[in-house]
Amino acid sequence: MKMKESAEKLMLDKAVDYVVKDPRARLPKLLNKVEMLDRKHLYQRTYDNLHRSFADPEDNWNRFLCDLASQSDPGILKKLLFNIVINSGMAGYPIQIAAKEKHRCNIPWAILMDPTSACNLRCTGCWAAEYGQQNNLSYEVMDRVIREGKELGVYIYIFSGGEPLVKKDLVLQLCENHPDCIFLAFTNGTLVDEKFADDLLRVGNFMLAFSIEGFEAETDMRRGKGTYQKVVAAMSLLKEKRIPFGFSTCYHAQNTQVVGSDEYIDLMVELGCRFGWYFTYMPVGSDAVPELMVSPEQRAYMYDRMQYFRKNKPIFALDFWNDGSYVGGCIAGGRSYLHINAAGDVEPCAFIHYSNVNINDCSLLDALKSPLFMAYREHQPFNDNHLRPCPLLDNPDMLVEMVRRSGAKSTDMVSPEDVEDLANKCRNAAKCWGTTADILWEDYLLQQEKRYSERFRTVIK
């Protein structure tokens, strides 16, 4: 480790030890330390927002960060802070920007990989089930992806599947051998036990997002009887050991009102979740159930609820589709992330099972320059309305064009799906949502204009 990095790590280590004793009083001082380290002021807007939050004891972000600091293992907090703020943020981000300019392609902020296609559950409508059970990424390939990713400034790696904890030893070895990175796994939670929880404490740079579909009835409906109780038990184990974790929820036609309710999000907070990631159901694969797709009213309901959660609940919540306004549209295709399935196919998105290249035969950079990824880069954003960001769910004709033009092939390992057949499942939903989304987008733009006007008047005064 370079001398500068050692000094920064020592400073943050001492700062965490200082903060955990009295987060409410000392977090603002830690923010000052972090701001001082950011000599290029890359995240000044974030610092300004946090300063405003810390000035208000009732502010939701203030509550969230105080809870995180006081209820998490200090060793994990130190790794999270250093790897996210220093490695990924201050060191990695400028490297990503330079790489984009040099190579004229998208460079991601995070990489999603499937260690295995195997899973111990068989969930209704799960797109991953279409991959089959026999494929695995080797340790050597995943390690190479991470090493190549770090050269491009990428320090955040996410595991999905299949069930990634089927390969516990492999993913833990990656965490140990890359202590400068942050790792996250989307897991059904049924394979989490005391030993694995202790391993999470030991490595300190590996977090879990538990897949859960609502309360017991909703979760067991898709994931099998008894799954909900196993997830709750795993959450309780990690909470007891002060290991940060979150939840991942797929909202669909039968559970949207439940997972968007106060009762549900309050339960997730009570169980110890620090973040919540919402997905909407996608009819991907031959076994898809299009009837589970949400209506425009349900998707608009979740859009409103996410705004409410952020203002009122001490948890970091985000919606993979409805938060396009925050990130400028679709983040796939390497713009912010990409997906490598268990057979090695490099896909633009976990929900877009088409590819030109396989990571077993090419470098990460070569994959980012492949025809389908370059088509994504050329067309992003896919819609001027960022509440309609997705090239499949919201703009299916765009996906058809990119796949056809790039010559990408279906990566479905069981029943390859023609892109036109997939698009047909989404066209009516895209049209119906478009009408609602355009109304919401106009309102969003008016709110933004009002907010900027108020800030301008404040500066003038």
Side-chain angles (χ1 to χ4, degrees), residues 112 117 122-132 160 211 213 218 221-223 248-256 259 278-303 319-322 324 329-333 339 341 345 347-355 372 375-376 379-383 385-438:
L112 176 65
S117 62
R122 188 73 177 178
C123 302
T124 302
C126 175
W127 55 264
E130 293 296 311
Y131 281 139
S160 60
S211 298
E213 307 295 328
E218 294 81 18
M221 182 274 289
R222 280 197 69 198
R223 298 183 174 273
S248 170
T249 289
C250 174
Y251 60 94
H252 52 77
Q254 298 181 21
N255 74 342
T256 297
V259 300
Y278 284 86
F279 300 86
T280 193
Y281 180 76
M282 298 283 280
V284 176
S286 59
D287 289 341
V289 184
E291 293 76 19
L292 287 178
M293 294 176 69
V294 295
S295 66
E297 293 77 16
Q298 288 174 318
R299 189 166 168 184
Y301 167 78
M302 287 305 303
Y303 173 78
D319 184 319
F320 196 75
W321 278 266
N322 284 341
C330 172
I331 64 172
H339 178 235
N341 71 21
D345 299 308
E347 303 167 336
C349 176
F351 300 93
I352 304 297
H353 298 171
Y354 300 91
S355 179
L372 184 57
Y376 261 71
H379 288 90
Q380 287 168 326
F382 298 110
N383 199 303
N385 180 342
H386 295 327
L387 297 180
R388 302 169 63 185
C390 181
L392 171 58
L393 190 63
D394 304 315
N395 308 278
D397 290 332
M398 184 65 70
L399 180 64
V400 172
E401 178 189 337
M402 292 191 298
V403 170
R404 293 281 193 245
R405 194 177 73 178
S406 67
K409 304 299 183 183
S410 172
T411 57
D412 192 303
M413 301 169 193
V414 177
S415 179
E417 186 171 29
D418 185 84
V419 67
E420 187 67 38
D421 293 335
L422 175 60
N424 281 336
K425 300 177 190 176
C426 297
R427 284 195 169 96
N428 185 60
K431 180 180 178 181
C432 294
W433 169 245
T435 301
T436 300
D438 286 346

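Remember, it's a predicted structure, so these values are computed and weren't measured experimentally. The analysis underlying the following values was restricted to heavy atoms, covering all of them including side chains, and did not include hydrogens, waters or symmetry mates. One is the number of the first residue; the rest follow in order along the sequence.
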Please evaluate residues Thr280 and Met302 with respect to the criterion side chain to side chain contact (heavy atoms under 4.5 Å, CB included), reporting the C-alpha separation (whole Å), side-chain torsions for both, the decisive distance (0.1 Å), and the verdict.
CA-CA 10 Å; Thr280 193; Met302 287 305 303; over 6 Å; no
If you apply the rule side chain to side chain contact (heavy atoms under 4.5 Å, CB included), what do you find for Met293 with Leu393, and how did you get there?
CA-CA 10 Å; Met293 294 176 69; Leu393 190 63; 3.7 Å; yes
Does atom NZ of Lys425 have more than 12 heavy-atom neighbours from other groups under 6.0 Å away?
yes
Do Arg299 and Asn322 get their side chains close enough for a donor-acceptor pair, meaning under 3.5 Å?
yes
We want to know whether Tyr251 and Asp319 form a side-chain donor-acceptor pair, criterion being a heavy-atom distance below 3.5 angstrom.
yes
Using ring-ring contact (aromatic ring centres under 6.0 Å, His included), reason through Trp321 and Phe351 one step at a time and then give a plain yes or no.
CA-CA 12 Å; Trp321 278 266; Phe351 300 93; 5.1 Å; yes
Would you say that [X] contacts [Y] through its side chain, given a criterion of any heavy-atom pair below 4.5 Å between the two side chains?
X: Leu422; Y: Tyr354; answer: yes
X: Pro348; Y: Met402; answer: no
X: Thr436; Y: Glu297; answer: no
X: Tyr301; Y: Val294; answer: no
X: Asp394; Y: Pro389; answer: yes
X: Ile352; Y: Glu347; answer: no

Identify the heavy atoms of [X] and [Y] that sit nearest to each other, and give their distance.
X: Trp433; Y: Ala300; value: CZ3-N, 3.6 Å
X: Pro391; Y: Leu399; value: O-CB, 3.2 Å
X: Glu218; Y: Glu213; value: CB-O, 3.4 Å
X: His339; Y: Ser160; value: NE2-OG, 4.0 Å
X: Asp412; Y: Gly285; value: OD2-CA, 4.2 Å
X: Arg404; Y: Val419; value: NH1-CG1, 3.5 Å

How long is the gap from CE on Met221 to CG on Asn255, to the nearest 0.5 Å?
6.5 Å
Rounded to the nearest 0.5 angstrom, the CZ-CG distance for Arg405 and Leu372 is 10.0 Å
For the side chain of [X] and the backbone of [Y], is there at least one donor-acceptor N/O pair under 3.5 Å apart?
X: Ser211; Y: Ser248; result: no
X: Gln254; Y: Leu292; result: no
X: Tyr278; Y: Val259; result: yes
X: Asn395; Y: Asn383; result: no
X: Asp438; Y: Thr435; result: no

Stepwise side chain to side chain contact (heavy atoms under 4.5 Å, CB included) check, Phe320 with Cys390:
CA-CA 10 Å; Phe320 196 75; Cys390 181; over 6 Å; no
